[in-house]
Number of protein chains: 2
Amino acid sequence: MGRVLVIEDDERIGRLVTRALEGGGLLTERASSGSAGLDAALRRDFDLVVLDLMLPGLDGRQVLDQLRERRPEQPVLVLSAVPEISTRVAVLEAGAADFLGKPFAVAELLARVRARMRPAPGGDGGRWLRIGPVHLDLHRRRVTVDGVRVELPLREFLLLQHLMTRAGRPCSRDELLADVWGLHFDPGSNVVDVSVRRLRGRLDRADRIETVRGVGYAYAAD
Amino acid sequence: MGRVLVIEDDERIGRLVTRALEGGGLLTERASSGSAGLDAALRRDFDLVVLDLMLPGLDGRQVLDQLRERRPEQPVLVLSAVPEISTRVAVLEAGAADFLGKPFAVAELLARVRARMRPAPGGDGGRWLRIGPVHLDLHRRRVTVDGVRVELPLREFLLLQHLMTRAGRPCSRDELLADVWGLHFDPGSNVVDVSVRRLRGRLDRADRIETVRGVGYAYAAD
DNA sequence: ACCGTTCATGACGAGGCCGTCATCCGACCG
DNA sequence: CGGTCGGATGACGGCCTCGTCATGAACGGT
């Protein structure tokens, strides 16, 4: 479950925000001043920090700068009543992951928070793929089944990757042709079927590819 | 340098956006319809897609859905004149990385685009490798030189990856044999040399592999 | 300038990848 | 139970990959 730190001095808005986030299934923590917030952010791990710009004592901008300095990988979503474009730009350039002006709709805040907490596109959100005994390393293009290495040719690896990332959902031949083969038209042959067969053969007993009649193939979800 | 695809049918806004992004040091490409944009996004690699919601033919929302379906890791920033909060929320929940309402300030757009292209917070673990014009995608095992795809066989890709991650440092043949070939002994042949040659040939003018006499090879640091 | 060492280069060929096709089989329907 | 359609299977072959070797070129020390 995601953990969010809310740094906001205004009691009313603070409540509003934490309520909204908790309603969205997130764990929240609250800090009412810049220094307390910075402290909490440095001491513990949060998936996201929601930071108000106008704060007593240590200013929100200073908190952001400190955070970027001492924990550059920490994503921060900045809230602010300041409407100027220059402020937004400055905050984003300073490293904030997102900016939302006040007044804001809680639904939009929640949606933006969620967007920021999604598995990072290039990050390790994609390096490893594991379902049951089958384990893919996307970087090294390696497969192990029950810890034993299995050599897969390129096409079969891409095919397996596509199916596993969409486990439980059937994938049409067209979809596979487009993503695995890069073909945006039907080559008029059963390449997909043949490749699936070869892949099945190589996975042997670990094979979890199901054929969905009239549609395509699906990897059995966990 | 970052590569951005702008999908926008309005000629004026399209110009405005691409100009702004190029002014910010980004490479842009333009598509004037949903289907053309989707096509380009699927066929080539972009660091970010800027997508207008209102498009002729294939709607922006459909483009987003297709993209999420077929290339879930592709970050998308949605532009829209629709002011409703529900639209923003729906778009973000549908997987867009960001949302910016029209009319917008080009400065803010540029700042948001940059924010989305920053290395992913979770430590992107090295999905992308880029030195000068040569760009590796470790997940997709793809190489582009000046944005143009170059097909590399497995061995040559691994070799290039090893050298680029250690750019500026010479790598001995033993080291390469161990990491790229998995051989912990000398096979008594010049496999490494031959593979380097082939790789050089394929990189052509972009080749930055230097031979370090008596040691091995090194990729020229940036 | 000479010569040994190191690297570059071109050619060869076994093996594997992968697209195609023809045929077989099993599922679903009447 | 027979027909039809979609998928499974086995075989074939072109092409690419990649390890090997022989030879030529470049370097560096004396």
Side-chain angles (χ1 to χ4, degrees), chain A residues 140-143 149-163 170-220, chain B residues 140-143 149-163 170-220:
Chain A
R140 302 189 154 267
R141 214 192 114 236
R142 285 176 149 195
V143 188
R149 277 212 57 181
V150 176
E151 291 288 346
L152 284 193
L154 178 56
R155 274 276 136 52
E156 290 164 39
F157 184 91
L158 293 174
L159 180 57
L160 181 58
Q161 174 181 354
H162 186 104
L163 292 173
C171 301
S172 72
R173 290 154 214 278
D174 282 348
E175 177 184 334
L176 293 167
L177 281 169
D179 192 53
V180 176
W181 278 262
L183 298 176
H184 297 272
F185 54 89
D186 187 342
S189 81
N190 62 345
V191 222
V192 176
D193 303 48
V194 173
S195 286
V196 166
R197 163 158 172 69
R198 287 171 179 156
L199 178 53
R200 280 171 163 164
R202 243 179 279 254
L203 291 179
D204 200 47
R205 315 198 59 77
D207 169 41
R208 296 244 223 148
I209 302 173
E210 298 168 345
T211 105
V212 184
R213 202 176 171 82
V215 183
Y217 299 91
Y219 200 88
Chain B
R140 302 187 151 259
R141 213 191 115 242
R142 283 177 148 198
V143 187
R149 276 213 58 183
V150 175
E151 292 289 345
L152 284 193
L154 178 56
R155 274 281 134 64
E156 291 165 39
F157 185 90
L158 294 175
L159 180 57
L160 182 59
Q161 175 180 353
H162 185 103
L163 292 172
C171 301
S172 72
R173 286 154 218 280
D174 282 349
E175 176 184 335
L176 293 167
L177 281 169
D179 191 53
V180 176
W181 278 264
L183 298 176
H184 296 275
F185 55 91
D186 186 344
S189 81
N190 63 343
V191 222
V192 177
D193 302 48
V194 173
S195 285
V196 166
R197 163 161 170 68
R198 286 172 179 154
L199 178 53
R200 280 170 163 166
R202 243 180 279 254
L203 291 179
D204 201 48
R205 314 198 60 78
D207 169 42
R208 294 245 225 148
I209 302 174
E210 298 169 347
T211 103
V212 184
R213 202 175 172 83
V215 184
Y217 299 91
Y219 200 89

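Bear in mind that the values here come from a model prediction, so they are computed numbers and not experimental data. Chain naming here is simple, since letters A, B, ... match the order of the sequence lines and numbering starts at 1 in each.
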Between the OH atom in Tyr217(A) and the CG atom in Asp193(A), the distance rounded to the nearest 0.5 Å is 3.5 Å

From CZ of Arg213(B) across to P of dT5(C) the rounded distance in Å is 12 Å

Check: Arg198(A) side chain, Glu156(A) main-chain N or O, donor-acceptor pair, under 3.5 Å
no

So the contacted stretch of DNA chain D, first to last nucleotide with an atom under 4.0 Å from a non-hydrogen atom of chain A, runs from dC5(D) to dA11(D)

Here the pair of heavy atoms bringing Phe185(B) nearest to Leu177(B) is O-CD1, 4.2 Å

In whole angstroms, the gap separating C1' of dT9(C) from CD1 of Ile209(B) amounts to 16 Å

Item to check | Whether Arg200(A) side chain and Ile209(A) backbone form a donor-acceptor pair below 3.5 Å | outcome: yes

From CG of Asp193(A) across to P of dT23(C) the rounded distance in Å is 18 Å

So does Val191(A) get a backbone contact from the side chain of Arg173(A), meaning a donor-acceptor N/O pair under 3.5 Å? no

In whole angstroms, the gap separating C1' of dT9(C) from CG of Asn190(B) amounts to 10 Å

The answer to which of Arg198(B) and Thr211(A) contacts DNA chain D further toward the 5' end, by nearest nucleotide, is Thr211(A)

Check your understanding: With a non-hydrogen cut-off below 4.0 angstrom, is Tyr217(A) in contact with a base, only sugar-phosphate, or nothing?
Key -> sugar-phosphate

**Q.** Beyond-backbone contact of Pro187(B) with Trp181(B), side-chain heavy atoms, under 4.5 angstrom
**A.** no

Rounded to whole Å, the CD-P distance (Glu156(A) to dG16(C)) equals 13 Å

Could you tell me whether Arg155(B) contacts a base, only the sugar-phosphate backbone, or nothing, with contacts defined as non-hydrogen atoms closer than 4.0 Å? sugar-phosphate

Taken in chain and number order and not counting sequence neighbours, the residues that satisfy side chain to side chain donor-acceptor pair (under 3.5 Å) with Asp179(A) are His162(A)

- Query: Under 4.0 Å: is that the gap between some side-chain N or O of Arg200(B) and OP1 or OP2 of dA8(C)?
  - Reply: yes

Whole-Å distance, Arg173(A) CZ to dT20(C) P, equals 15 Å

Open item on the list: Mind checking if Val196(A) touches a base, just sugar-phosphate, or nothing, with heavy atoms under 4.0 Å?
Closed with: nothing

When rounded to whole Å, the CZ to C1' distance for the pair Phe157(A) and dG16(C) reads 18 Å

Can a side chain N or O of Arg197(B) be found less than 4.0 Å away from OP1 or OP2 on dA8(C)? no

In whole angstroms, the gap separating C1' of dG19(C) from CG of Leu176(A) amounts to 16 Å

